[in-house]
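Have a look at the structure below, then the notes.
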Protein chains: 12
Amino acid sequence: MKDPVYKLIELTGTSTNSIEEAVGSALKRARKTIKNLSWFEVTETRGSIEDGKVHRWQVTIKVGFAVEE
Amino acid sequence: MKDPVYKLIELTGTSTNSIEEAVGSALKRARKTIKNLSWFEVTETRGSIEDGKVHRWQVTIKVGFAVEE
Amino acid sequence: MKDPVYKLIELTGTSTNSIEEAVGSALKRARKTIKNLSWFEVTETRGSIEDGKVHRWQVTIKVGFAVEE
Amino acid sequence: MKDPVYKLIELTGTSTNSIEEAVGSALKRARKTIKNLSWFEVTETRGSIEDGKVHRWQVTIKVGFAVEE
Amino acid sequence: MKDPVYKLIELTGTSTNSIEEAVGSALKRARKTIKNLSWFEVTETRGSIEDGKVHRWQVTIKVGFAVEE
Amino acid sequence: MKDPVYKLIELTGTSTNSIEEAVGSALKRARKTIKNLSWFEVTETRGSIEDGKVHRWQVTIKVGFAVEE
Amino acid sequence: MKDPVYKLIELTGTSTNSIEEAVGSALKRARKTIKNLSWFEVTETRGSIEDGKVHRWQVTIKVGFAVEE
Amino acid sequence: MKDPVYKLIELTGTSTNSIEEAVGSALKRARKTIKNLSWFEVTETRGSIEDGKVHRWQVTIKVGFAVEE
Amino acid sequence: MKDPVYKLIELTGTSTNSIEEAVGSALKRARKTIKNLSWFEVTETRGSIEDGKVHRWQVTIKVGFAVEE
Amino acid sequence: MKDPVYKLIELTGTSTNSIEEAVGSALKRARKTIKNLSWFEVTETRGSIEDGKVHRWQVTIKVGFAVEE
Amino acid sequence: MKDPVYKLIELTGTSTNSIEEAVGSALKRARKTIKNLSWFEVTETRGSIEDGKVHRWQVTIKVGFAVEE
Amino acid sequence: MKDPVYKLIELTGTSTNSIEEAVGSALKRARKTIKNLSWFEVTETRGSIEDGKVHRWQVTIKVGFAVEE
């Protein structure tokens, strides 16, 4: 069996509701073009503010997935 | 048009419920005295523990806002 | 009165729902064997992915507690 | 003689031309309200893009100044 | 309206003249294949030396752009 | 009861004698204008040198204090 | 002559034997689709454990390569 | 001779007087249960404030000690 | 099924031959007392020198393992 | 052919005009005593302020050069 | 007037008494061969342990000094 | 007995074979001019690529050695 190789890409997902939804939003987009999404790690949590409230969470993640032969 | 200048301040918001609420709590206080709150980034996520449960989330953010002329 | 001393241990809690639940899950296990859990800080937020969705949040925390005499 | 104490504030200056101008822009605003600006350090260099070109440099600095008695 | 998702890629632009030009050089190449370039941040500033002078600035940036539906 | 909010400011205290005195010097100045100083963390320890000896310790701290309603 | 531009991608190579082999494994996969691989830097060294022994080294690298005109 | 293996634990020692005493306080507690304490490194220096003065230094250290066969 | 919880401990393994052997040495000791060792990450690579040659590699790792109910 | 070995030294160059000039200033001094200067990386960008303007850019670089046999 | 250039060297000073003395010890040695020592910053604070007490503080500093023409 | 003082220098060793050999290569060169090499730590692991394979490992280390009276 071959040694698997993974690629990591960096995405910023956004949501008006929560950090979890922002991550889910990024993954939802990624799975359209990438198979085998395997793991992620959060590298930055930011947000925009409107009227003194969080307008949109902006959560940056690195997503790892197995690269096919 | 002038080049805008922003100031960043650091706040720790707290909440017994969630990270999102702790951030909202910090912004709620900030907007009392600062106009033009524009963005934030989370720099630290901590909490106090009571009876082996999260008692209070303590989320530190940097908040940026445009400085007026 | 003596100067208190604290010990910090590192745990990764997991949850299929949220970051907050993953932290709570780690604390729930820790309080079985450790008294005086006092504070925590989040040091890493990761997760596994299945079918292009977050399968399980994996949140690593440092937990501090007073060491008894 | 007393031991001097300094305060550090964080500002993001912007410029359509250069990093140096963005820093200058932040200092120009700071000196309107703060005397004794003494030193700065660059903590982040970012920018916005329009039409595939740098639209505006956004340079964040910490600025130190002596606090008066 | 959908929550926008952004992708970040990392590029090293080079220039014999300045940091600003090196960043511009990276963006110039990126816009050939990517629409919607939105922001960048400088992550590393290096350079090669010849005859004891800067030969070529090498500036690494992360560039973010909106991913289309 | 409301969720408390804290502000963090950054100060550099100085002393010709010790790190501890430099921190104390910064706090002494801060308490003139800020009530409820609560905690600090050391973020940088530097110093100036004269005649090959430490002339003045320069210790930078972040100081947290509860923001009133 | 134009100023060269480089792209950096992040890969995790794996090997049951050594860190060097894990890096080689990642490069072997990368060269199938990318010409002009130029340099790499190791950003993380991890591994899985089975029966109390290293099962598989997982070495994450950033790989740089010249982008063609 | 076998290759020695060391374990590192993280402790926060406290003192109302000095950083050195806070470290000493942590070590004093550690040696009650651990033999062969070998080295430490300071990872964080914080403190609590009362009446605008340092109330208690809180110094976090990693302590290494040889693990017996 | 319950959400698994993992504990991370930090060990320094040593070897006169290689980084890989130093990690293996740390794991060999850990498995004597810990079941379910699951993963590790290298956090520091150091060494002692004798006669101008590497005498002993000292590799610090964090080791994660599932905590039993 | 022998494996080349490089030494890195750290210098702070200064200039009243620009970051680029400050780096050039450091290299100009270095080449007086060191042959084979090969590459540099910027590790810190600071500056002194006078009359609310940048007085002198202080740019710290690591400079690498091949060590002769 | 020429733009001054500074060199930074890294030293570890030691003392059985205090962090301050360890820094002083390093500077005392440095001034034997280097004129114009100007500033330092502490980059690491470690120590050796004997009989469960701090045996020797080991404080690493970067020291800057003006390089002569 | 005097408190020992150590100096740290930074070297990049290279090897076409392994990380260990690259470190050994740097030390081999260092011992030609420096007595009392005592310890090292790896600060960066990079490499050049040719034909899609590691051409030369480039491992940067800090080397510490006792400074003589």
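Per chain, numbering begins at 1; letters A, B, ... match sequence-line order.
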Side chain to side chain, [X] and [Y], heavy atoms closer than 4.5 Å:
| X | Y | result |
| --- | --- | --- |
| C/Glu20 | B/Ile19 | yes |
| C/Lys28 | B/Lys53 | no |
| C/Phe65 | B/Ile49 | no |

Looking at OG of B/Ser18 and CD of C/Glu21, how far apart are the two atoms once the value is rounded to the nearest 0.5 Å? 12.5 Å
Value rounded to 0.5 Å, distance of NE2 in B/His55 from OG in C/Ser38: 11.0 Å
Under the side chain to side chain contact (heavy atoms under 4.5 Å, CB included) criterion, do C/Trp39 and B/Arg46 qualify, and how do the steps go? CA-CA 7 Å; C/Trp39 86 93; B/Arg46 302 170 68 103; 3.5 Å; yes
